[in-house]
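First up is the structure itself, then whatever we jot down about it.
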Amino acid sequence: MTEPSYFADLQHRAEAHLPWYVAEYFAATAGSREGRDAALAEWDALRFRPLALRGAQDLSLATSILGTEVTTPLLIAPMAQQVAAHPRGEQETAEAAGRIGTLLGVSTNTAVPFADIAAAGAPWWFQVYLLADRGVTEALVRRAVDAGAGAIILTIDTTALLVSAPGVEPTEWPEGRARERLSNLTDAELRVLLEAGPPAPPTLDDIRWLAAISGLPIVVKGVLRGDDAAAVVEAGAAGVIVSTHGGRRMPQSVSALAALPEVVAAVDGAAEVYVDSGIRSGAHALAALALGARAVFVGRPVMYALAAGGAAEVEATLRRLDGELRLALQQSGATSLAALPRDLVALP
C-alpha cells in the first residue's frame, strides 16, 4: 500500500506550481474536509482475508471495460479545469493513458478540443453535464461521438453541488480563466447557455435520450443507492459509477466504499459497476474489485500528478498504483483478478 506521505508529497509538489485559487478549487469538498478525510480513512481501514492453497496465480491486470481492452483496471476519472494544472490539460493526461494502455474520462468542462485529446490514441469516454439548452447539449455530444468517444458518462449528482472553497469558483477566476471551459462549443452556443438559466435536474428519460442521440453505451455517474442503480440499468444504462464526486456532493453522504456492495447487489451483473472517490493505493483498488467493481477511476492523484510533472508524472503515478495492485493481488492468494471472492474483504 502507498505510504501516507506519497500523495501528500505529490499534492505539495503540485500546489507549488498552482495559483492559490486553483489549488483551493482542486482540493475543495462539500462542507468541511473532515467528511472527505473520513471517507478516505474508510478505504485505509479495510482489511483482507487472504486466501491460501489456491495454486498458481495469474497476475495480469488486463481487463475489458464495456468491450474496450485495457491493460489495467485503473482508469482516469473525468476532471474539469485540467488546463489550470498544465497548459496542455487533457492532451497530457491522454498521452499518459495511451502509454499505459488505459482509458480516460473527458469532462464537459474541458478547454481542450476533442480532436486534440483523441490524437493521443487512448480510448476515452465523454462525461456529460446536462446543459440548460438541450440543443447545445446534443451538439456537444455529437461532436464527442464524431471525435471518437467510446461511451457517454452522465453525471447525475451535481444538481446542488456544494463546494467549500468560497470565492474560487472557476467563473470567478481572474479574467480569461472563465473561458477555459466548454471550449468544444461555439461562441453562439455559449451565448445561448448564458441566457438559458440553470439546467433542469437529470431524469431517467435523459439516459434514453443520450443513448438515442449518441448511439453509445451510457454510464451513469454519482449513484449511491441500490434502488437508483437498478432504475438506471432498467432505463438502459450499460454502466454505473459509484461516486461522491470526490467528496463534493453532500457533507453527510455515505462514502463510495460504503455504497459499493449495495449497488453491485442491485445491478446483479446486468451492467458494469465502477467506483471512484478515494482510490489512493493498489490495496484500495483490489478491495473495490473484490467487492464487485469492474474497474476504478482515479481522480485527484492524476490531477496533482498533471500539475507536478505533466504526462510523465501522470504515467509514473498510475504505474505506481498498478504495481501496488499487482502486489496486493499476489499477496491476496487469489488466482486472478477474475477469481477475486467478495469475502476477500473483511467488511465491518
Test your reading of the model: is there a side-chain donor-acceptor pair from [X] to the backbone of [Y], 3.5 Å cut-off?
X	Y	answer
Ser107	Met79	no
His86	Arg88	yes
Asp228	Arg225	no
Arg300	Phe26	yes
Thr155	Tyr129	no
Glu92	Ala311	yes
Ser277	Gly246	yes
Glu189	Thr186	yes
Thr244	Gly247	yes
Ser214	Leu210	yes

In this structure, would [X] and [Y] fall into the same cluster of hydrophobic residues linked by side-chain contacts under 4.5 Å?
X	Y	answer
Ile156	Tyr274	no
Leu131	Val141	yes
Trp124	Val314	yes
Val267	Leu340	yes
Leu344	Leu59	yes

Do [X] and [Y] sit within salt-bridge range, that is, some charged N less than 4.0 Å from a carboxylate O?
X	Y	result
Asp146	Arg142	no
Arg326	Asp322	yes
Lys221	Asp276	yes

Can you establish whether the number of heavy atoms outside Arg49 located under 6.0 Å from its atom CZ is more than 12?
-> no

Heavy-atom side-chain proximity of [X] to [Y] below 4.5 angstrom:
X	Y	value
Pro73	Val296	no
Pro217	Ile152	no
Leu75	Leu104	no
Val345	Arg47	no
Val273	Arg294	no
Leu193	Leu185	yes
Arg13	Tyr304	no
Leu51	Ser332	no

State, without any angle test, whether Glu95 and Gln91 hold a side-chain donor-acceptor pair at a distance under 3.5 Å.
-> no

If we ignore angles and hydrogens, is there a donor and acceptor under 3.5 Å between the side chains of Glu90 and Thr110?
-> yes

Start with the C-alpha distance between Leu40 and Phe7, add both sets of side-chain angles, then the distance that settles side chain to side chain contact (heavy atoms under 4.5 Å, CB included), and finish with yes or no.
-> CA-CA 12 Å; Leu40 291 173; Phe7 286 114; over 6 Å; no

Give me the atom names and distance for the closest heavy-atom approach of [X] to [Y].
X	Y	value
Pro78	Ile153	CG-CD1, 4.3 Å
Ala122	Gly98	CB-N, 3.6 Å
Val275	Ala293	CG1-CB, 4.2 Å
His17	Ala307	CD2-O, 3.6 Å
Ala94	Ile117	CB-O, 3.7 Å
Pro113	Asn184	CA-OD1, 3.3 Å

May I have the step-by-step check of side chain to side chain contact (heavy atoms under 4.5 Å, CB included) for Trp125 and Leu216, ending in yes or no?
-> CA-CA 10 Å; Trp125 294 353; Leu216 295 177; over 6 Å; no

Who are the ring-ring contact (aromatic ring centres under 6.0 Å, His included) partners of Phe126, not counting sequence neighbours?
-> Phe114

In terms of ring plane angle, is the pair His284 and Trp43 parallel, tilted or perpendicular, where the classes change at 30° and 60°?
-> tilted

Show your working on side chain to side chain contact (heavy atoms under 4.5 Å, CB included) between Ile207 and Val232 and close with a plain yes or no.
-> CA-CA 8 Å; Ile207 298 171; Val232 301; 3.7 Å; yes

Before giving the answer on side chain to side chain contact (heavy atoms under 4.5 Å, CB included), spell out for Val220 and Val233 the whole-Å C-alpha distance, their side-chain angles and the decisive distance to 0.1 Å.
-> CA-CA 9 Å; Val220 178; Val233 172; over 6 Å; no

Determine, step by step, whether Glu324 and Arg280 satisfy the salt bridge (Lys or Arg N to Asp or Glu O under 4.0 Å) criterion, reporting the C-alpha distance in whole Å, the side-chain angles of both residues, the deciding distance to 0.1 Å, and the verdict.
-> CA-CA 10 Å; Glu324 290 178 354; Arg280 298 291 187 272; over 6 Å; no

For Glu262, check salt bridge (Lys or Arg N to Asp or Glu O under 4.0 Å) against everything at least two apart and list the hits.
-> none

